[in-house]
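To start, the structure under review is shown below, and the notes come after it.
Values below: all heavy atoms of this structure, side chains included; hydrogens, waters and symmetry mates excluded.
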There are 2 protein chains.
Amino acid sequence: MSEMAEKNSNTEQNILEAAKVVFVAKGMDGARMQEIADKAGINKALLHYYFRSKDKLFEAVFVEILSKLIPDISELLLSELPLFEKIRKFTQHYIDTIRENPLIPVFILHELNREPEGIARTFKSMGIQPQIFIDEIKREIGKGTIVPIDPLHLIVNLLSMCIFPIVAQPIMQHLIFEENGEAYSAFLEQRKKEVPEFIINSIRKK
Amino acid sequence: MSEMAEKNSNTEQNILEAAKVVFVAKGMDGARMQEIADKAGINKALLHYYFRSKDKLFEAVFVEILSKLIPDISELLLSELPLFEKIRKFTQHYIDTIRENPLIPVFILHELNREPEGIARTFKSMGIQPQIFIDEIKREIGKGTIVPIDPLHLIVNLLSMCIFPIVAQPIMQHLIFEENGEAYSAFLEQRKKEVPEFIINSIRKK
DNA sequence: TTTACTTTTGACCACTTGGTTAAACTATAT
DNA sequence: ATATAGTTTAACCAAGTGGTCAAAAGTAAA
């Protein structure tokens with residue numbers, strides 16, 4: 001079809017994909033190179049041919065995950081929507097995003113505990129800039145649109161209410177829905193409207 | 001001093017304590033029996049003398065963690081305080097509790113992903129009863145004290161804003177405080193007042 | 001001191017782990 | 001065809017893993 005070099009040999013992408021699934025599900029320590037090889041349909045030695053070691057493979061996976069996740073977050077926060085609309089859009093979009101890969105946040109947090117320095121370094125290499133959003137909130141406070149509130153707490157509240165219910169699904173589902181997965185799914189769907197209204201209701205000046 | 005049988009041989013408690021630290025920090029897969037033995041100051045074979053296998057030891061640790069955590073949660077929710085006061089007290093108490101063992105929530109969530117059935121069974125054996133608190137919220141809505149809101153979302157919001165900022169400390173600290181641990185600690189301290197006011201501000205009927 | 005017992009240990013084992021290596025298999029250019 | 005380079009494999013290895021066992025060390029009663 002095209003003479004462009006395939007962006008990566010098919011095998012390499014297969015490996016990365018398989019490694020991602022296994023690493024995210026079982027963590028660095030629980031993951032087995034053999035299982036990754038099996039899932040990629042190749043020999044174990046080929047893993048070491050493409051990625052020299054388990055650590056290198058892990059880091060490649062980790063970088064790929066972060067570089068898909070982070071731009072996604074930044075994008076919306078920096079858009080030109082009015083604040084309330086931005087909060088609504090962010091909640092909806094973010095809840096959906098995490099639901100697609102619900103294991104990733106816990107995976108990241110667990111690995112971050114396991115090896116703080118290495119992972120943190122990878123994190124830093126991607127730029128994240130919450131300052132612009134912070135300034136926007138301050139401006140709205142100045143205009144009197146919203147109640148005075150520390151922007152950081154507002155942002156952390158927003159993130160918490162989006163992320164936590166998804167990562168804690170295995171517990172919550174049991175505690176409040178008796179293992180009914182569909183009910184919990186509907187519950188998360190509701191949250192896309194409930195959370196932004198809850199927030200706006202708290203900060204809107206009346 | 002006393003003729004009562006020691007509730008557990010000193011060694012057994014030492015082992016449990018050491019195992020708890022190692023398991024929570026590194027997870028079931030990352031934990032090594034040798035490291036636990038070293039930390040308990042004993043021979044590795046003695047681990048198997050008291051707890052027959054790594055799995056058994058892990059479960060003992062897991063049960064101990066849960067049975068300390070869960071009564072702590074239930075207690076306050078069922079007390080006789082007025083709703084707003086209860087929310088304030090819960091936030092303060094709960095944030096402090098988790099800060100004492102910040103690794104435990106991620107540990108639980110990670111293990112829950114690793115082996116859903118086994119862990120969930122352990123979970124179920126401890127009774128948790130959110131219904132009473134749900135009813136109380138409904139009563140307040142009926143009385144017109146607070147805005148109509150799905151009690152489940154309110155509870156999940158409360159839990160999210162308490163737990164998430166602590167478990168995500170390694171990320172948040174970097175994103176907003178440039179690795180300044182004390183600043184983040186102060187930030188969490190602020191949240192003990194900010195979170196309840198944020199919630200009450202959202203649900204109070206004006 | 002002897003007896004009977006629990007607790008603790010060092011040495012050991014079978015097995016799995018990540019990783020290596022040399023040889024075989026492509027495919028492309030000459 | 002054949003040389004050259006990249007790709008893939010089976011067989012293998014050293015290090016570490018959870019777990020075992022028989023013997024030693026402690027302990028308390030007879």
Measure from the side chain of Lys44(B), starting at C-beta and using heavy atoms only, and say which of dT9(D), dG18(D), dT7(C) lies closest.
dG18(D)
What is the separation between atom CZ on Arg52(A) and atom C1' on dT21(C), rounded to the nearest whole Å?
15 Å
Would you check, one step at a time, whether the test side-chain hydrogen bond (donor to acceptor under 3.5 Å, both in side chains) holds for Asp38(A) with Gln34(A)?
CA-CA 6 Å; Asp38(A) 292 346; Gln34(A) 188 60 59; 3.0 Å; yes
Base, sugar-phosphate or nothing for Phe51(A)? Non-hydrogen atoms, less than 4.0 Å.
nothing
What's the closest nucleotide to the side chain of His48(B) if the choices are dG18(D), dG19(C), dA10(D)?
dG18(D)
Expressed in angstrom and rounded to an integer, what is the separation of Glu12(B) atom CD from dT7(C) atom P?
9 Å
Are the aromatic rings of Phe107(B) and Phe23(B) close, with centres under 6.0 Å apart?
no
Is there a side-chain contact between Thr11(A) and the phosphate of dT8(D), meaning an N or O under 4.0 Å from OP1 or OP2?
yes
What's the CG-P distance between Asp38(B) and dT17(D), to the nearest Å?
11 Å
Nearest whole angstrom, please: distance from the P of dT17(C) to the NZ of Lys26(A).
10 Å
In whole angstroms, how far is the P atom of dA10(D) from the CD1 atom of Ile42(A)?
12 Å
Side-chain atoms of Tyr50(B) come closest, of dT7(C), dG18(C), dT7(D), to dT7(C)
What is the distance from CG of Asn43(B) to C1' of dC12(C), rounded to the nearest Å?
12 Å
Only residue of Glu197(A), Gln190(A), Lys193(A), Glu194(A) satisfying side chain to side chain donor-acceptor pair (under 3.5 Å) with His153(B) is Gln190(A)
Rounded to whole Å, the OH-P distance (Tyr49(B) to dA23(D)) equals 17 Å
What's Ala31(B) touching, base or sugar-phosphate or nothing? Going by heavy atoms closer than 4.0 Å.
sugar-phosphate
Do Lys26(B) and Glu35(B) sit within salt-bridge range, that is, some charged N less than 4.0 Å from a carboxylate O?
yes
So if I take every side-chain heavy atom of Lys54(A) and compare against dG19(D), dT8(C), dG19(C), which nucleotide ends up nearest?
dG19(C)
Between CG of Leu46(B) and P of dG10(C) the distance, given in whole Å, is 11 Å
Check ion pair Lys56(A)-Glu59(A) (N to O, under 4.0 angstrom):
no
Any Arg32(A) side-chain N or O less than 4.0 Å from OP1/OP2 of dT16(C):
no
